[in-house]
Amino acid sequence: MSRVALVTGGSRGIGRAIALLLAERGHRVAVNYSKGAEAAEGVVGTIIERGGDALAVQADVGSNDAVTSMFQRVADRLGPVDVLVNNAGITRDALLLRMNVDTWDEVIRTNLTSVYLCTKHALRSMVRARWGRVITIGSVAGLAGNPGQANYAATKAAIVGFTKSVAKEVGSRGITVNVIAPGFVETDLTAGLPEETKAAATASIALRRWGTPAEIASAVGYLASDEASYISGHVLVVDGGLAL
Ligand code: NDP
């Protein structure tokens with residue numbers, strides 16, 4: 001029986017690549033989105049065209065009620081979630097002195113509270129199955145910091161502590177919990193950066209180029225697989241040598 005994967009923010013960018021790769025590897029995939037129904041249905045259509053099974057599920061992952069009903073819909077249609085990929089994330093950049101409390105709260109809710117809510121829901125069935133994979137997309141910004149991203153970096157650092165704690169709580173049930181920390185990846189999230197910022201970033205990457213969503217997805221595919229059965233509480237940096 002194929003496994004069920006839920007990818008939050010699976011409609012665009014890195015999440016889309018993860019959804020397509022997990023489907024290619026035989027998972028039935030729930031593609032979560034917040035506002036872009038058309039993009040999510042596009043990912044589902046591609047998966048079905050390729051012979052897979054998928055479902056688009058709308059939910060603001062920062063809302064407890066929305067997450068509860070998302071897990072119910074996924075369970076009813078595809079079955080209980082075996083692989084959770086906490087990918088949905090936003091940036092609301094500003095230097096700290098200009099960062100208002102609304103954007104602070106929005107980033108904390110979308111990038112961090114979402115991880116708590118989705119992981120908690122997913123663990124219930126994983127504990128019963130005595131098997132599970134929780135993979136959260138962090139960022140090198142959470143490890144090294146980044147000016148203008150105190151809110152974003154705080155969430156990406158927090159999920160490391162969250163992941164290590166939960167890995168210790170559920171390891172005895174055959175569940176692994178890990179973080180993937182990408183460097184610079186070409187998506188809508190980074191498309192608006194000024195050209196000189198992009199060029200400066202490229203110059204500091206050992207491989208001298210940005211990563212692709214597919215390159216992040218392949219790391220997720222590995223951690224989701226049986227081959228990665230002895231890796232838990234780990235932060236896998238996928239940044240082309242940026243952090244060296
Ligand atoms: P994109 O902006 O391209 O895509 C974001 C996705 O998240 C969309 O599918 C969007 O759906 C969804 N989303 C946003 N808010 C919510 C919400 N409240 N509830 C549910 N879904 C939501 O981002 P990326 O692909 O670039 O980023 C994906 C992850 O990778 C993020 O966690 C990001 O922090 C991380 N990352 C990205 C890097 C990069 O360079 N791109 C580097 C390091 C980490 P919708 O369109 O419906 O709103």
Side-chain angles (χ1 to χ4, degrees), residues 7-22 31-36 38-40 42-43 46 60-62 85-96 98-100 102-112 114-115 135-160 178-221 223 235-244:
V7 183
T8 68
S11 57
R12 292 189 283 121
I14 293 170
R16 177 179 186 277
I18 294 167
L20 293 176
L21 179 129
L22 292 176
V31 178
N32 159 254
Y33 67 97
S34 159
K35 298 188 184 101
E38 206 175 311
V43 177
T46 303
D60 170 1
V61 288
V85 185
N86 290 309
N87 164 80
I90 58 167
T91 52
R92 295 289 181 265
D93 296 353
L95 293 171
L96 187 66
R98 292 192 196 139
M99 189 179 286
N100 65 48
D102 291 341
T103 52
W104 170 266
D105 284 343
E106 191 184 357
V107 171
I108 298 289
R109 201 173 149 277
T110 308
N111 296 8
L112 179 59
S114 63
V115 175
I135 300 156
T136 300
I137 308 300
S139 169
V140 292
L143 308 176
N146 202 22
Q149 292 199 311
N151 50 2
Y152 179 80
T155 64
K156 297 302 186 179
I159 60 161
V160 173
N178 291 291
V179 169
I180 288 176
F184 290 95
V185 183
E186 290 167 17
T187 67
D188 296 341
L189 193 80
T190 47
L193 289 175
E195 283 310 316
E196 69 251 33
T197 309
K198 288 186 184 175
T202 308
S204 62
I205 301 168
L207 289 175
R208 293 291 188 277
R209 66 172 180 84
W210 285 35
T212 64
E215 287 174 318
I216 308 305
S218 69
V220 174
L223 288 179
V235 180
L236 177 55
V237 174
V238 185
D239 68 351
L242 171 70
L244 297 178

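The structure displayed is predicted, hence computed values, not measured ones. What you see below is based on every heavy atom in this structure, not just the backbone, and it leaves out hydrogens, waters and symmetry mates.
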Asks: Could you give the distance from CG (Leu207) to CD (Glu215), rounded to the nearest 0.5 Å?
Replies: 8.5 Å
Asks: Between Lys198 and Glu195 (salt bridge meaning N to carboxylate O under 4.0 Å), is one present in this structure?
Replies: yes
Asks: As a quick check of understanding, evaluate side-chain contact (heavy atoms from CB on, under 4.5 Å) for Ile14 and Asn87, giving each step before the final call.
Replies: CA-CA 8 Å; Ile14 293 170; Asn87 164 80; 3.7 Å; yes
Asks: Give the minimum heavy-atom separation between Gly10 and Val43, together with the two atoms involved.
Replies: O-CG2, 3.8 Å
Asks: Name the residue from Thr136, Ile18, Asn32 that meets the side chain to side chain contact (heavy atoms under 4.5 Å, CB included) definition with Val85.
Replies: Ile18
Asks: With rounding to the nearest 0.5 angstrom, report the CD1 to CD1 distance, Ile180 to Ile137.
Replies: 5.0 Å
Asks: With rounding to the nearest 0.5 Å, note down the distance linking CG in Asn151 to CG in Asp93.
Replies: 7.0 Å
Asks: Quick check for you: to the nearest 0.5 Å, what is the distance between Asp60 atom CG and Thr110 atom OG1?
Replies: 6.0 Å
Asks: Tell me whether Asp102 is salt-bridged to Arg92, with the criterion being a basic N under 4.0 Å from an acidic carboxylate O.
Replies: no
Asks: Taking all heavy atoms of Val179 and all of Val160, pick out the closest pair and write down the distance.
Replies: CG2-CA, 4.4 Å
Asks: For the CH2 atom of Trp104 and the OG1 atom of Thr155, what is their distance to the nearest 0.5 Å?
Replies: 8.5 Å
Asks: Ignoring hydrogens and angles, tell me if any N or O in the side chain of Ser11 forms a donor-acceptor pair with the backbone of Ala39 under 3.5 Å.
Replies: no
Asks: Using only atom types and a distance under 3.5 Å, with no angle test, would you say the side chain of Ser139 pairs donor to acceptor with the backbone of Ala181?
Replies: no
Asks: Would you say CZ of Arg208 has more than 12 non-hydrogen atoms from neighbouring residues, nucleotides or ligands within 6.0 angstrom?
Replies: yes
Asks: For Val220 and Leu21, run side-chain contact (heavy atoms from CB on, under 4.5 Å): C-alpha distance rounded to whole Å, both residues' side-chain angles, the deciding distance at 0.1 Å, then the answer.
Replies: CA-CA 9 Å; Val220 174; Leu21 179 129; 5.9 Å; no
